[in-house]
Amino acid sequence: MRRVAITGVGVVSPIGCGVEAFFDGLRQARAGVGPIQSFDASAFPTRIAGEVRDLPAAAASWPEPDLAAALARDPKSRYGLAAGREALRGAFGDDRPVRHHPAERMGVMLAAGLEVFHLQDIVAHAGGDGVDGAGLLASLEAAPSMSRLQIPADLAARCLRQEAGAAGPLAVNVSACAAATQSLGEAMWAIREGALDLVISGGYDSMVNPLGVGGFSMLEALSTANDLGGGASRPFHRHRDGFVLGEGAAVFVLEERELARRRGATIVAELLGYGSTMDAYRVTDPAPDHAGAAAAMIAALQDAGLPQGHVDYVNAHGTGTVKNDQAEIAAIRCALGASAERIPVSSTKSQIGHLIGAAGAVELAAVIFALQQGIVPATINLTDPDPACDLDCVALTPRPAEVRTALSNSFGFGGQNAAIVVGAPQC
Amino acid sequence: MAASDDTNTVLITGVGLHGGPAAASGLEPAFEALARGESAVAPARLEGVEGLPPFAGAPAPRPPDVRPLLPDRKIAKYMSPTTKMAVVAAGAALADAELEGTDREAAALYVATGLIAFDLGAVRRAIQAARSDAGELDLRLLGERGLRLCHPLMPFKMLLNMPLGLISIIFGLRGPNAIYYPGADQGAVCMEAAWRGIRSGRLERALVGGTTNGLSLLPVATLRRAGRLAAVPAVAKPFSPTHAGYAPADAAAFLVLESACSARARGARPIAEITDVRSGRRGPFEPCSMVGSAQLVLLSGTLDRAADAAALAALPEQGRVTSLDAQLGHQGAATLFWSAALGAAMIERQRALPAQGCAAPDPRLVTEPSALELDRPLCCATVSPDGSAGMVTLQGVSS
C-alpha cells in the first residue's frame with residue numbers, strides 16, 4: 001500500500017513564526033493569548049486573542065500588485081502563504097517540486113477560514129432603507145485591486161499552487177474547525193489511493209477582526225475572561241468559560257513515501273489514518289452521546305491499522321467551552337477504551353487559542369513536536385481541572401514521553417468530526 | 001456500457017436540482033424545459049439594492065421552501081439562501097435515490113459552496129449605529145451598541161460550512177464529509193473525493209452537490225469589478241457572435257453516487273455511470289483535449305468569444321460540443337453537478353441538447369437536438385478564466 005510521508009512543515013502561530021520558534025514556544029509552555037492589538041476591541045465583550053506578532057513582511061510578499069494589495073489586507077492569507085513557503089523550503093530547499101514530481105501529480109488541499117469582509121468599506125453605502133448598490137460598485141471599481149470589501153478565502157491556496165508549479169487539483173476546504181484535519185485526511189487518501197504523489201496541505205485562518213470577534217461574541221462562544229490575558233484559554237479547567245480566538249497557519253508537504261525516499265527527502269512523520277463523521281444532531285451543540293466524535297477516532301485508528309487505544313498521545317480539540325471539553329473527554333474514553341486512562345491528552349489551544357480553520361493544522365505541527373522531541377505539549381492554565389475532564393490532561397508544563405503514534409482531533413461547529421493518526425517515520 | 005457487477009463501478013442513482021428554467025426539483029422537468037428552449041436567464045435585479053446598472057442573471061424560480069423538509073422548523077433560522085437551496089436539492093436527490101435508513105446514515109457528504117452572499121441587510125443597522133460623525137466606521141461604537149443590533153443568528157448564515165452541517169442534521173447523514181469553496185472546479189474536487197472513495201471500496205455511497213447564491217450583491221459586484229458580468233441576456237450565450245460575460249445564477253444540484261454493488265443490493269435505478277473525474281490547472285481548456293473518445297462535451301464556464309474559440313481549438317477534431325449556459329446562467333459551485341445531471345439525462349434519452357443562440361460556423365457545435373449513443377462517453381467540463389478546470393465523464397447504463 002502506498003504510504004504518506006510528511007517532508008516539509010511550516011508554521012505561523014501566536015507563539016512563534018517558523019517551525020523552530022513554534023517548537024520553542026511549546027517547549028517553554030508560552031502563552032500566545034493577550035489583549036487584541038490588531039484593531040480597537042476595547043468596547044467588545046471579548047478583548048483577547050492569540051495574535052501573530054512577528055511575521056516578517058517579506059515572508060508573504062507577492063510581485064503582482066493586485067494580489068499584494070489583497071494579501072496586505074488579509075492576515076490569514078499572509079499566514080498561509082508564509083507557512084506554505086516554509087514547508088516547501090523544508091521539503092525541497094531551493095529546488096523546485098516540479099523537478100521531482102509531474103505537475104499534474106501535485107495538488108493543493110488547504111483549509112481556509114471565512115472570507116474577509118471589510119466593514120469600513122460598506123459603511124458609506126449602507127443607508128436606512130437598503131444598500132446603495134451604485135455607490136458600492138463605484139467604490140469597488142475605483143479600488144486598485146480585489147482587496148476591497150471581500151477577499152476570497154482561497155487566495156493563499158492559489159498563490160501556493162502557482163509558486164509550487166502544481167497543476168493537479170486545488171481543494172479549499174471550509175469546514176470550519178474541522179477543516180484543516182479534513183484537508184490533511186483527504187490529502188492522505190488522495191496520495192494513498194494513487195490519485196496524487198504530492199499534496200501541499202494544512203490550513204490558515206484569522207478571525208481576529210471586528211466581524212469575527214463580534215460574531216462569535218454574539219454566539220456567546222468566546223471567553224470573556226479578559227483580565228486573565230494569557231491565562232484565559234483554559235481547556236478542561238473547572239472554570240473555563242469559552243474559547244479564545246487565535247490566528248495562524250500550518251502547511252505541510254505530503255508525499256508518497258517511496259517517491260520521497262527515492263529523491264532523498266527527510267521524512268518528518270507519516271500520516272497513518274483518518275476518520276471523518278458527522279453528528280447529525282444540532283448546529284450549536286455536540287451530540288450528547290459523543291458517538292460521532294468517538295466514531296471519527298475509531299475510524300482513524302482502523303484506517304491506520306492500529307488496535308483500539310494503540311496511541312501514545314492525544315492532541316485534543318479542547319476548545320475550552322463547557323460542553324465541548326466534557327463531550328470530547330467522554331468520546332476519547334469511548335474510542336480508546338481502557339487505554340484512555342494512561343494516554344496523555346493535551347490541548348494546544350491553551351497556548352495559541354482556537355485557530356478555527358487552521359486549528360487542526362497547527363495542532364498537527366504540535367503532534368510532530370511530540371514525535372520528534374519526545375515531549376508532550378502542555379495544557380497550560382490548567383490549574384484546577386474539571387472533575388468531568390478526568391483523563392491525563394497534561395497540565396501546566398510539557399512532559400517528556402516516548403511518542404511513536406498520536407491522534408489529533410478536530411470538531412466543527414455544525415457537527416463535523418475529524419481525527420487523524422500520525423506516526424514517527426518508519427524504517 | 002457499465003458493467004453492473006463491477007464493484008469499482010460508480011453510478012448516479014439520484015438527482016436533485018434547484019434553479020434553472022423549471023420550477024420543479026427533478027431532472028425530467030428540467031431537461032424538458034431546456035429541450036423546449038426555455039431559459040432562466042433574464043434581466044436581473046437584487047432585492048434591497050438600488051442603482052445597479054443593468055445586468056443579466058438566472059434567478060431560481062422561487063425562494064426555496066425548506067419547511068416541509070425540516071424535522072424542527074426552528075432550524076430555518078440558521079439558513080442562508082445558499083443553504084436553503086442546498087437543502088432543497090439534497091432532499092430531492094435523496095428522495096430520487098430512495099436512500100433511507102442506515103444506507104442514508106452511512107453515506108458520505110461532499111459539498112461545494114460559492115462565495116458568501118454576505119447579508120448586508122443583517123448588519124446594516126449595526127453599521128449605521130457604528131458610523132462616526134465623519135461617516136466612518138467607529139469600532140468602539142460597533143462594540144458598544146452595533147453588535148447588539150445585528151441579528152443574533154447572523155453568524156450562522158455566514159459560516160461556510162452550514163450547508164454541510166445542516167444537510168447532515170436534516171437528513172441524518174453521518175459519514176465522511178467536507179465542504180469546498182468557491183469556484184466551479186470545487187465541484188470536481190467533491191465529485192472526485194466521493195468517486196475515488198467508492199472505487200477504492202472505502203465508501204459505498206455519497207451525496208455530492210454544489211450550491212451558489214450568485215444573485216447577491218457581492219458576487220455580482222465581484223463579477224462586474226472583473227469585467228465579467230453580462231449586461232443583457234443576449235450576450236450571455238456561449239458560441240454566439242456577441243458572447244460577453246456571465247449571467248450569475250442562483251442554483252444548487254445534488255447527486256447520489258454509489259457503487260454498482262450497493263445500488264443493486266438496494267434495488268436502486270442507475271441513471272449513468274461516472275467513469276472519470278478530474279480537476280486541475282494545466283491550461284484553461286485542458287478538459288476539451290482530455291475528452292478522448294467522448295461523443296460530446298457539455299461545456300460550461302466560457303466567458304466570452306475568445307474563450308469559446310480557445311475551447312474549440314482544444315477540442316479533438318471528431319468531438320462535438322454544446323453548452324447550456326445560455327439557459328442556466330453561470331452556476332459557479334453548482335455547475336458541474338447540474339452538468340452531470342443533464343449529461344446523464346442526455347445519455348439516458350440518447351439526445352444531445354443544443355447550445356442556444358449558437359451561431360459559430362464550426363461543425364462540432366451542436367446547434368440542433370441530435371442523437372447520442374448510449375454506450376459512448378459524454379464529458380461534462382467546466383472551465384474558468386483563471387485556468388482552473390474540472391471534468392466528469394459519464395457513460396450510459398444498460399437497463
Side-chain angles (χ1 to χ4, degrees), chain A residues 39-44 103-104 114-115 117 119-120 122-124 126 128 130-137 140-141 146 149-150 152-154 161 167-176 182 186 189 193 195 210 214-219 276-278 280-283 292 412-416, chain B residues 46 48-52 78 109 113 115-116 118 120 124 127-128 131 135-137 139-140 142-144 147 150 152 154-156 158-162 164-166 168-169 172-182 185-186 189 192-193 196 200 217-218 221-222 224-225 279-282 388:
Chain A
F39 69 95
D40 180 3
S42 58
F44 283 60
E104 67 275 12
L114 282 176
E115 296 158 19
F117 295 96
L119 290 178
Q120 59 270 39
I122 302 171
V123 166
V131 176
D132 170 13
L136 185 58
L137 282 180
L140 284 171
E141 286 166 16
M146 62 185 278
L149 195 57
Q150 182 181 31
D154 60 349
R161 173 163 77 169
L170 180 140
V172 181
N173 186 313
V174 289
S175 299
Q182 284 190 349
E186 292 285 346
W189 278 341
E193 292 166 359
F216 279 116
S217 293
M218 287 161 61
L219 298 176
S276 167
T277 66
M278 292 173 284
Y281 178 62
R282 278 187 194 156
V283 171
F413 220 50
Q416 293 95 56
Chain B
L46 302 180
V49 181
E50 301 303 328
L52 286 177
Y78 299 112
L109 175 60
T113 187
L115 286 172
I116 296 177
F118 184 56
L120 290 172
R124 192 170 61 238
I127 291 171
Q128 285 169 334
R131 193 172 357 213
E136 294 174 346
L137 181 69
L139 290 175
R140 286 192 62 84
L142 181 67
E144 283 168 4
L147 289 177
C150 285
M154 184 268 287
F156 287 106
M158 292 183 55
L159 290 172
L160 284 161
N161 64 327
M162 282 298 112
L164 180 79
L166 284 165
S168 156
I169 290 166
L173 277 71
R174 297 173 191 269
N177 61 94
I179 182 163
Y180 296 101
Y181 150 106
D185 58 329
Q186 299 303 294
V189 168
E192 198 272 341
R196 178 167 35 79
S200 71
L217 182 57
L218 292 185
T222 301
R224 183 170 163 90
R225 173 75 181 77
S279 66
R281 187 197 187 198
R282 282 183 69 83
S388 299

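For the numbers below, each heavy atom of this structure counts, side chains included, while hydrogens, waters and symmetry mates do not. Here is the naming used below: chain letters follow the sequence lines, and residue numbers restart at 1 for every chain.
When E136(B), M154(B), M162(B) are compared by the number of non-hydrogen pairs under 4.5 Å with chain A, M162(B) comes out ahead. When F39(A), Y281(A), W189(A) are compared by the number of non-hydrogen pairs under 4.5 Å with chain B, W189(A) comes out ahead. In terms of non-hydrogen atom pairs under 4.5 Å with chain A, the most contact-rich of L137(B), L160(B), I179(B) is I179(B). Note on S217(A), G292(A), G415(A), G214(A): by heavy-atom pairs under 4.5 Å with chain B, the leading option is G214(A). Annotation: maximal heavy-atom pairing with chain A below 4.5 Å, among V189(B), L139(B), L46(B), L109(B), occurs at L139(B).
Looking only at side-chain heavy atoms (C-beta outward), L170(A) and Q186(B) come within less than 4.5 Å of each other. Taking the side chain as every heavy atom from C-beta outward, P210(A) and L142(B) approach each other to under 4.5 Å. The shortest side-chain heavy-atom distance between C150(B) and M218(A) falls under the 4.5 Å cut-off.
Y180(B) pairs in a side chain to side chain contact (heavy atoms under 4.5 Å, CB included) with only one of the listed residues (V172(A), V174(A), N173(A)), which is N173(A).
Heavy atoms of P155(B) lying under 4.5 Å from chain A belong exclusively to its side chain. There is no contact between A41(A) and chain B, counting heavy-atom distances below 4.5 Å. If you measure heavy-atom distances from R161(A) to chain B, the contacts under 4.5 Å come from the side chain alone.
Side-chain atoms of Y78(B) never come within 3.5 Å of backbone atoms of V283(A) as a donor-acceptor pair (strictly under, hydrogens ignored). A donor-acceptor pair is defined here as one N or O able to donate and one able to accept, closer than 3.5 Å; no such pair exists between the side chain of S168(B) and the backbone of M278(A). For the pair S276(A) (side chain) and N177(B) (backbone), a donor-acceptor distance under 3.5 Å is present.
Heavy atoms only, all atoms of each residue included: R196(B) and E193(A) are closest at NH1-OE1, 2.7 Å. For the pair Q416(A) and G165(B), the tightest heavy-atom approach, listed with the atom from each and the gap, is NE2-CA, 3.5 Å.
Using modelled atom types and a 3.5 Å distance limit, the side chains of S175(A) and N161(B) yield no donor-acceptor pair.
Between L173(B) atom CG and T277(A) atom OG1 the span is 12.0 Å, to the nearest 0.5 Å.
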